[in-house]
Structures are given as C-alpha cells and as structure tokens.
Amino acid sequence: MKYLIGLLFISHIAFSQQYKTRPVTGLLGAFGAEVALVKQSLKNPKTVLVDGVSFTTGRIGKQQVVVAETGIGKVNAAMTTTLMLNHFRPERVLFTGIAGGTNPDLQPGDIVIARQTAHHDYQSITMDRKPTRQTYSLSGKVNPAFFLADSVMLSRAQTTARSVAFEPIPLTTRPPTVITGIVVTGDQFISSAEKVTQLRQAFNADATEMEGAAVAQVCYQMQVPHLVIRSLSDRADDNARNDMLSFYQTAARNSAKLVLAIVEGL
C-alpha cells in the first residue's frame, strides 16, 4: 500500500510539472463590457471556440494575448481559466473587472490591485476539528488561505498605474485612487453594510467580487503567475445595485485602461 501511495504521489508531481508555457498572456474578465473594451484594442483578432467557450487571440503592442469572458461566479471563472491554461498555455494570467468596495476610504471608480485574494464564503474543518478557510487541491494538498499575486506583475501594475489617465468619477472631478490591497471572492453579490463590516473585520478586505480567488486558485495549483485587478462600481452596501448601474461603465473603462497599459509594457 505504501508503495502504491508513493507511486501516485510521484505521478502527481510529474503531472503538475507538465505545464509548458507559450509566449502568450491570458486576459480574463467577468462581464462582457470589460472584455469588449480589451478586444477592441486587439490587432489581428481571431475567435476560437474551446468546448463552447469563446476565446479571442491577437496582439496588444508586442505581446500575443488570448482574451475571454469568464461569466459570473466562481465555477464559471475556474472553468474558463482551466480551459485557457490547457488550450493556450499562457505564461501569465491577468484578471480584471468591477467589484464592490469594502474599504471605507474608497469610492466607486477607485481601483484595487490585489496583492492577495481569498474565498470569503469557504470554510472547512481540519482533521483535528479546527475550522479553516484553506482550500484543497485535487490531490488533497492544502492551499494557502490567501493567494499571493505574482510579485513581478504586481510591481509592474503599481508602476503603470501612475502613468494612466483614468476617467474621473461621475458627478465629481476626483480622479480615481489606485491602491494595492486584498480582494475577497464569494458566490454572492454583496449589498449589505453589515456584510461589508464583516468582510473588513475578517479579511481586512478592500473589495469583494465573485471570481478573482477562483482564478487565483487555478493559477496557483497550475503554478502560473497571476494578477487580479478590480475597479469599484459600488461600495457593496444597501445602495450597491443602484450604484453599480451608475458607475459600471466608468469602472470597466478604467480597469481596461490599466490592463491594456500593463500588457503594452510587457
């Protein structure tokens, strides 16, 4: 039995090391508007269907990219990310989109570059009966509770953001604030001041959304560098739905501007 377990462990290691990259950057967004803005900037775009999911290849600057819309929620995000990695083999993945702000200092239109992401709606019990927020890989290996962004991509995004001319917040003249922080993910649209307080206290979260940690977990398990960027469309409070409708377009454009500037600088 020990011999068999050893063979399975070695086999898993060999499988996990088979991911061979191509000189491609993967760009993912949850909503159509976010992805459409990036697609409009592609040179020589070409659409490819992979198991019914649409991917668009092309160039941004000197960089070959593949772009896809994940759809809403963690399962869709994980599935689309996996298909992208398996079919196109990108050497890095950049995920962008809108989010609800949980940092009281931030307003709709501001941008959070995630230095780490976490699932806020996941909790399990360890073998010694202790609660944990750590997820598990397919092999049963324990993942970190927070998935760290790739340090090189994080640094590049921070530097690039200083030179991007973002649109001002609607109804104001205030330019967007860009911070590096914590983004949390769950399969629910947060529109509760009470929940915002909870996420802030439990995770020190700056923003909440529905896909980022799922993308990060897939990339972590496949050992692919990743970065999540979110532009705030609302403050995740009781007025979140109305604010999202008012600020969504501005948030999406600012997020896309930053992503395009990052890729052009690669």
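The structure presented is a predicted model; accordingly, all values stated were derived computationally and were not measured.
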Tyr248 reachable from Met210 in the ILVMFWY side-chain graph, under 4.5 Å edges: yes
Is the closest side-chain heavy-atom distance between Thr180 and Leu154 below 4.5 Å? yes
Co-membership, hydrophobic cluster, residues Val93 and Met153, 4.5 Å side-chain: no
Joint hydrophobic cluster, Val263 plus Val24, side-chain heavy atoms closer than 4.5 Å: no
Step by step, work out the salt bridge (Lys or Arg N to Asp or Glu O under 4.0 Å) result for Lys195 and Asp237. CA-CA 8 Å; Lys195 184 65 174 179; Asp237 56 13; over 6 Å; no
Quick one, Phe146 with Thr117, criterion side-chain contact (heavy atoms from CB on, under 4.5 Å). Give me CA distance, side-chain angles, the key distance, then yes/no. CA-CA 5 Å; Phe146 289 85; Thr117 56; over 6 Å; no
CD of Gln116 to CZ of Phe203: how many Å apart, nearest 0.5 Å? 11.0 Å
Qualifying ring-ring contact (aromatic ring centres under 6.0 Å, His included) pairs, either residue in residues 39-93, two or more places apart: Phe55-Phe88
Any salt bridge linking Arg174 with Asp110? Criterion: basic side-chain nitrogen under 4.0 Å from a carboxylate oxygen. yes
Thr185 and Glu211 side chains, donor-acceptor separation under 3.5 Å: no
Between Ser163 and Thr160, is there a donor-acceptor pair closer than 3.5 Å when you use the side chain of the first and the backbone of the second? yes
I'd like to know if the side chain of Ser231 and the backbone of Ala251 have a donor-acceptor N/O pair within less than 3.5 Å. yes
In terms of hydrophobic clustering (I, L, V, M, F, W, Y; side-chain heavy atoms under 4.5 Å; direct or indirect links), are Ile229 and Val224 co-clustered? no
Judged by modelled atom types alone, do Asp121 and Gln188 share a side-chain donor-acceptor pair under 3.5 Å? no
Residues in ring pair (Phe, Tyr, Trp, His ring centres under 6.0 Å) with Phe147, at least two apart? Tyr220
Gap between atom CG of Leu232 and atom CG of Asp243 - 0.5 Å precision: 11.0 Å
Search all heavy atoms of Ala157 against all heavy atoms of Ile262 and return the closest pair with its distance. CB-CD1, 3.6 Å
Arg115 side chain to Asp150 backbone, donor-acceptor under 3.5 Å: no
Test item: Leu83 and Thr80 side chains (from C-beta on) under 4.5 Å apart, heavy atoms: no
Assess whether a salt bridge exists between Arg241 and Asp234, defined as any Lys/Arg side-chain N lying under 4.0 Å from an Asp/Glu carboxylate O. no
Just so I know, are the side chains of Leu94 and Leu28 near enough to count as touching, which here means a heavy-atom distance under 4.5 Å? no
Verdict with supporting geometry, Ile113 and Leu227, side-chain contact (heavy atoms from CB on, under 4.5 Å): CA-CA 8 Å; Ile113 302 171; Leu227 181 67; 4.0 Å; yes
Hey, does Ile98 have a side-chain heavy atom less than 4.5 Å from the side chain of Phe31? yes
I'd like to check Arg235 versus Pro108 (side-chain heavy atoms, cut-off strictly below 4.5 Å). Are they in contact? yes
Would you mind reporting whether Glu167 and Pro176 have side-chain heavy atoms less than 4.5 Å apart? no
Which distance, rounded to the nearest 0.5 Å, do you find between the OG1 of Thr82 and the CG of Asp51? 11.5 Å
Hey, are Glu194 and Gln198 close enough side-chain-wise for a donor-acceptor pair under 3.5 Å? no
Could you see if Leu266 belongs to whatever hydrophobic cluster contains Val67? Use Ile, Leu, Val, Met, Phe, Trp, Tyr and a side-chain cutoff under 4.5 Å. yes
Residue pair Phe189 / Met244, side-chain heavy-atom distance below 4.5 Å: yes
Mark yes or no for whether Gln64, through its side chain, and Gly58, through its backbone, hold a donor-acceptor pair below 3.5 Å. yes
Would you call Lys39 and Val35 a side-chain contact if the rule is heavy atoms closer than 4.5 Å? yes
Nearest-0.5 Å distance, CZ of residue Arg89 to CZ of residue Arg22: 7.0 Å
Salt bridge or not for Lys74 and Glu209, using N-O below 4.0 Å? no
Assess whether side-chain contact (heavy atoms from CB on, under 4.5 Å) is satisfied between Phe166 and Val178, documenting all intermediate values. CA-CA 10 Å; Phe166 295 111; Val178 181; 3.7 Å; yes
For Ser191 against Ala240, the heavy-atom pair lying closest together: CB-CB, 3.9 Å
Taking every heavy atom of Ala99 against every heavy atom of Arg230, the minimum-distance pair comes out as CB-CB, 3.7 Å
dist Cys219:SG -> Gln221:CD (nearest 0.5 Å) comes out at 10.0 Å
Measure across Leu37 and Ser41 and return the closest heavy-atom pair with its distance rounded to 0.1 Å. O-OG, 3.7 Å
Verify, without hydrogens or angle tests, whether Thr102 (side chain) and Ala207 (backbone) share a donor-acceptor contact under 3.5 angstrom. yes
Can you name the nearest heavy-atom pair linking Pro168 to Thr250, along with the distance? O-CG2, 3.9 Å
One pair to check against side-chain contact (heavy atoms from CB on, under 4.5 Å): Asp206 and Arg200. What are the steps and the verdict? CA-CA 7 Å; Asp206 295 293; Arg200 187 68 175 167; 3.1 Å; yes
What's the separation between atom OG1 in Thr208 and atom CD1 in Ile190, rounded to the nearest 0.5 Å? 5.0 Å
Measure across Val228 and Gly212 and return the closest heavy-atom pair with its distance rounded to 0.1 Å. CG2-O, 4.0 Å
Using only heavy-atom distances, determine whether the side chains of Arg92 and Thr25 contain a donor-acceptor pair under 3.5 Å. yes
